[in-house]
There are 2 protein chains.
Amino acid sequence: MNVDLAERAHNHNWKLDPIVRSLLDTDFYKLLMLQFIWKNFSGVHVTSETTNRTASVRLAEHIPIPALIEQMEHVRRLRFRKSELIWLAGNTFYGTRSIFEPAFLDWLEHDFRLSEYEVAERDGQLVLHFAGLWTEVTMWEIYGLALLSEMKSRVALGKLSELELDILYARAKTRLWDKIEKLRQVPEVRISEFGTRRRHSFLWQEYAVMAMRAGIGQSLSGTSNTYFAYKHDLEAMGTNAHELPMALAALSNSEEELHQSQYRVLELWQKSYGGELLILLPDTFGTTQFLQGAPDWVADWTGQRCDSKDPFVAGDEYIAWLMSRGRDARRKRLIASDGLDVDEILALQEYFKGRIRFSAGWGTLLTNDFRDCHPRGEHDLEPISLVCKIVSVEGRPAVKLSDNAHKATGPVEEIERYRRIFGTSPVLGAEVLV
Amino acid sequence: MNVDLAERAHNHNWKLDPIVRSLLDTDFYKLLMLQFIWKNFSGVHVTSETTNRTASVRLAEHIPIPALIEQMEHVRRLRFRKSELIWLAGNTFYGTRSIFEPAFLDWLEHDFRLSEYEVAERDGQLVLHFAGLWTEVTMWEIYGLALLSEMKSRVALGKLSELELDILYARAKTRLWDKIEKLRQVPEVRISEFGTRRRHSFLWQEYAVMAMRAGIGQSLSGTSNTYFAYKHDLEAMGTNAHELPMALAALSNSEEELHQSQYRVLELWQKSYGGELLILLPDTFGTTQFLQGAPDWVADWTGQRCDSKDPFVAGDEYIAWLMSRGRDARRKRLIASDGLDVDEILALQEYFKGRIRFSAGWGTLLTNDFRDCHPRGEHDLEPISLVCKIVSVEGRPAVKLSDNAHKATGPVEEIERYRRIFGTSPVLGAEVLV
């Protein structure tokens, strides 16, 4: 009856439907790492780059570069809003107040900038390349990945009629809720939402987070998405990532220093943060060598995140290592975060029950599981394995070995050198789905 | 951002969210029958009544009587709108123009009224009772059933949160689209939507009809819902129902006249309507006796609707009967309309392919299949078997025997008498689901 003439005209006036709407729309660990970098490595220059590990999906054929650049320019124009900074200053993270220093928040407000970037086409892929101060480059990771992921969704959605869109989302919601109903059967399970980088879209991620909160209540520990934590009073989750040991390794000046850099990053980290933020990520250069060579104080850290090794094996290995170091595994935390879905989460919960405090970082298959939901049976809404990794630090190549050779990054000869230094032999783990 | 203050206030001002929004929101056969009654039986008085054959669902405990009465009063205040009458006059139904006489349309515009009614509580059930001229009572059937059906839905929906409602409809849409995808595999299938009386809701029926049109295109022959046919340029489908032979039988003054009334109604009908509207509904007093005793001209009718007998058996019986009468079954139509769902529709299509022109009247399991969709696993949104049947004609009891003794209606002693006269033995068919 009542057409809202102003609204209709306004909708036609839209210049851009932004994908990233706030600088808080990033993983919380990026903010923790940003403060760490700002404090310890403020003059260091790096480059980083996106890679689509799902080579069969040729992103350059899907995503129009001008539209992508518009979105990236929009992100570069964003600033932290006053109420966002007040929330960062005043909120309690992992039970600790004032995790962010006033000087850092002041810098965020006045001096934080995102680096320059290039968009290149390479073998049918779109590559985002970032170069500049580490503090300017690091934050691109999540914004860039979320942009590519949602641009890809939008192109696929643009081919569907209104009814087909409705069916698509009905199916995805049905899938999501079926997963949530399975999780409800196990109230002791603990899950953090980790799906920002490869989400279907901002709005769908928000829907998934809200559905999880309504469906599993306290079993949802929180979300890695800082904006949703801020907007919906959730716990912001996450600690650190491979970026730090990769950069410190690249900055090393001898083989001995390189080998030790994986522990030096922990020393620096625990100077900056304490308590629940002491979560090891031991797989950068191979988990087994990391644990064997670790100084004893490493066993005092709160827990471990396993991101590339079979989590059943990684958890057993961690528990055995803790016992060998005389620590009680039942007081430690094990976080799995590598391409999980519901059945594996519940199997892990059952497997580690009473042995270690298990929790799941549930990402892409929570926020982008549109497999078999397409109304015409097409595949262009299925998730792909996009990553954004440090490529060089002060001109030196950065390397990750990982527990899964599929996930190794860096120049081939450097990977060889690192394997020799860390004594890590390449193990091909599971094919990387997401 | 922009709250539409006027809309928000308007939403709070709503006095009633009507279930029946137009007098066209009824099965098309009711309008054909109404003209037939208006022409041939304008002075006859009848009573009719609703029955919930799903006794386990105690409607009186779900539906508040005052709200039901508000809805019924709303229907009684409705009038045929000018553009609706113009459409009835100008549209082509089953390839024929001017099916409705100008005098009838004039009467519809100026003199049509719905009868008085009573709402009674009986054994936990709500019973709608209608009494008056047949022309005033007959149209209550679909309005009354649709009101009860949607009132029941609304009470169940009222217990759900916004998210739960979203999940419910996501699941129902997923279910619906999965059915449509099955139907798409068989382009030669022909389906009419027959689900008005037991629909989940007006809006959901409209959604289902629109999804069917988008999904199966020409395989959707049309809809029995006259309002949707009018609104969406679809074919209006349907011819006649048990009400006519039941009433003519009740008006009979001898056993011979009673027995012959089942054919006399056809004679009268073909005087009023021709062509595609000549669809037999032979099961009122038993299909087998009907076919055996039928005059030869009955075999000239266009087809048969089977509504209570196993449609595989009924179709075979009809084809054999046509052959015995020297007619070519491949030029006749067989319409099944009794509690169908997709798998049975496709099995029937395959079974009768090349033997008779099969089509399905798909009702409740198209417009109200919310089984296993409830977000808390409850059952109060599942369809029930509601009917509204003629109880008496000029004070004499009305009887239906049906091919399924579960569906027989009328006083026990009258059913016995009818069984004797028609030589029909009671056969218990399938349990009535919808």
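Here is the naming used below: chain letters follow the sequence lines, and residue numbers restart at 1 for every chain. Since we're looking at a predicted model, the values are computed, not measured.
Once rounded to the nearest 0.5 Å, the distance linking CD of A:E7 with CD of B:E7 reads 8.0 Å.
The existence of a salt bridge linking A:E164 and B:K173 is excluded, since no basic side-chain nitrogen approaches an acidic carboxylate oxygen closer than 4.0 Å.
Summarising the local packing, NZ of A:K182 is surrounded by 12 or fewer heavy atoms from other residues, nucleotides or ligands at distances under 6.0 Å. Around atom CD of B:E162, no more than 12 heavy atoms belonging to other residues, nucleotides or ligands sit under 6.0 Å away. No more than 12 heavy-atom neighbours from other residues, nucleotides or ligands sit within 6.0 angstrom of CD on A:Q218. Other residues, nucleotides and ligands contribute over 12 non-hydrogen atoms within 6.0 Å of the CZ atom of B:R376.
In this structure, the side chain of A:T174 does not engage the main chain of B:T174 through any donor-acceptor pair within 3.5 Å.
By number of non-hydrogen pairs under 4.5 angstrom with chain B, the leading residue of A:I167, A:L163, A:D178 is A:I167.
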